[in-house]
Every structure is written in structure tokens, then in C-alpha cells.
> 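Before we start, here is the structure in question, set down as C-alpha cells.
Each chain gets a letter, A, B and so on, in the order its sequence line appears, and its residues count up from 1. Side chains are part of it too, since the values below use all heavy atoms of this structure and drop only hydrogens, waters and symmetry mates.
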Amino acid sequence: MEDLIENYGYLFEDELLKEIHEIGIYKSVKEGDVLIEIGDYIKSMPLLLNGAIKILREDKEGEELALYFIERGDTCTMTLSCCVGNSKSEIRAVAETDVHLIMIPVQKMSEWMRKYSSWQEFILQSYHSRMMEMLEAIDTIAFLKMDERLLKYLRDKAMVSHNDQLQVKHKDIAQDLHTSRVVVSRLLKKLERDNKIKLFRNRIKVIAL
DNA sequence: ACATTAAGTGATT
DNA sequence: AATCACTTAATGT
């Protein structure tokens, strides 16, 4: 409950906070756990308390592409669109760090929309920011060269984990950016020469935040 | 000591 | 920017 107030207290009225506390299910997720798989039907929506979640798209060959991260105070917009159409998830959500969240049954969604203006505001706002992130993701993929994409990826990653020391392997990055490990290694080397990052085995320190 | 996995690099397309 | 082929370095058993 304290957690809830700390993160959402400024957003929601007391009544709503109380309801969330009563109905929501507090959940703890470990880094790397898959929260939503492509094709899943979603029956509850998550409210992030802390930690970060990575949103991935996948093509028919199983090739991945990282779209964006969501953080504390965010909710999963996929959930919202799934509620509307009662359709399946188009994305995969993987815990980027250990995550604490509250699961809200989707039925409450529309009920609270009518009952609480702060909730309606929150949902609309979060739809908006997710839309913006989506556009940014498109811009990144379409307009940025691989080296710029890579640096942005590293910065985002450092940002959401509140840590400039990233525990990653080159091949994992390659997977997220949908390129090959060799390319990533080369570009990372270049970024290191430009003093943007420092390389170690299984670890990267981001300097230019 | 040996095998395995991660990372670095030249050459080619 | 991708791929191949190979090297070197770090780590596990």
C-alpha cells in the first residue's frame, strides 16, 4: 500500500487508491521473466511500481526487435487495446529488471473509467505517451543509422535500470536491434574509441548519458 | 588442461 | 550493414 501511494498517490484520488489496494494483486517479477507472450489473451492490466519492462515485436521467423521500455508509473497499452477488441497481444513483454507491479482485472478498467476522472485521465495520458514512444521507435528504426540506434539503445537501457553499468552480451544487443553480433561488436568498439562507452566482458559502461 | 562461450578483426559482398 | 572465417580472450569443468 505504501508503495502504491508513493508511486500513484499524486495521480489518483484516495477512493481509487483504496479500490486499487483492495482489488489489485501485488506481484513481484524477476529480471528476464516474460510477462506477456505474443498471442496471449490479457485478463489483467499491470501498474508498474518499480523496475522496467521491455516491449518486443517478433516476426514470423521468430526474429525479435525491441520497441521501447516502460517504467514505473506506466501501464501496458497493449492491455488497453486488448480490452477494447478482446484480441490477442501483438507484443511480448519481458522484465528488463526485477519488477514490482499491481495487477488489475480488466473488468475494472471501464468501471473506473466512469467512476474516477483521475483514472480516465491516467489511461488517456498513458495511451498518448505510449503512442509517442511508438512513433519514436519508428523514427529510430527508419531514420537512424545503426551506430546511432545502438547508442540510443544503450542510453535507454542505462536510463531504465538507473545504472550506467549494463550487464549485456553483444549478441543480446544484436537480437534486440535485429542485427548481427559482428556488427554490434564493431560499432561498440567504435563507440568506445569515441569515449562514449567502456567495454568489458559481459558488461558495458555507458559514459555519454 | 581442455572445452565452451564471448568478443575482436580482415576480407568480401 | 551483413556474412564468413578465423583469432584471441575469458570462464567453466
> I need the NZ-C1' distance between A:Lys190 and B:dT9, as an integer number of Å.
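Rounded to the whole Å, the gap is 15 Å.
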> Ignoring the backbone of A:Ser180, work out which of C:dA1, B:dG8, C:dA2 is nearest its side chain.
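Nearest listed nucleotide: C:dA2.
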> Could you tell me whether A:Asp40 and A:Lys88 have a side-chain N and a carboxylate O separated by less than 4.0 Å?
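A:Lys88 and A:Asp40: not salt-bridged.
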> Which whole-number value in Å describes the distance from A:Arg193 CZ to B:dT9 C1'?
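Spelled out: CZ on A:Arg193 to C1' on B:dT9 is 11 Å.
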> Expressed as a whole number of angstroms, how long is the span from A:Leu177:CG to C:dA1:P?
11 Å
> Is A:Glu64 salt-bridged to A:Arg57, going by a charged N under 4.0 Å from an acidic O?
no
> Would you call A:Lys54 and A:Asp176 a salt bridge, taking side-chain N to carboxylate O under 4.0 Å as the test?
yes
> So, A:Asn50 versus A:Arg72: side-chain donor-acceptor pair below 3.5 Å or not?
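Side chains of A:Asn50 and A:Arg72: no pair found under 3.5 Å.
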> Check the distance between C:dA9's C1' and A:Lys189's NZ and give it to me in whole angstrom.
12 Å
> Counting side-chain heavy atoms from C-beta on, which of C:dA1, B:dG10, B:dG8 comes nearest to A:Arg186?
B:dG10
> Quick one: which of C:dA2, B:dG10, B:dT9 gets closest to the side chain of A:Val183?
C:dA2
> Measure CG/A:Leu187 against P/C:dT3 and give the value in whole Å, please.
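So the CG-P distance, A:Leu187 to C:dT3, works out to 14 Å.
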> So, are A:Asp98 and A:Lys30 salt-bridged, with charged N and O less than 4.0 Å apart?
no
> Taking only the side-chain heavy atoms of A:Lys169 (C-beta and beyond), determine which of B:dG8, C:dA1, B:dA7 contains the nearest atom.
B:dA7
> Please determine, for the side chain of A:Asn202, which listed nucleotide (B:dT9, B:dA7, C:dA2) has the closest atom?
B:dA7
> Using OP1 and OP2 only, check whether a side-chain N or O of A:His170 sits under 4.0 Å from B:dT5.
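Indeed not, no polar side-chain atom of A:His170 lies that close.
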> Ignoring the backbone of A:Arg181, work out which of B:dT9, B:dT5, B:dG10 is nearest its side chain.
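Output: B:dT9.
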> Check the distance between B:dG8's P and A:Lys171's NZ and give it to me in whole angstrom.
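Answer to the nearest Å: 15 Å.
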> How many Å lie between CD1 on A:Ile204 and C1' on B:dA6, as a whole number?
12 Å
> Among C:dA10, C:dA1, B:dT9, which nucleotide sits nearest the side chain of A:Arg201?
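Selected nucleotide (nearest to the side chain): C:dA10.
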> Rounding to an integer number of Å, can you tell me how far A:Asp172 CG sits from B:dT5 C1'?
12 Å
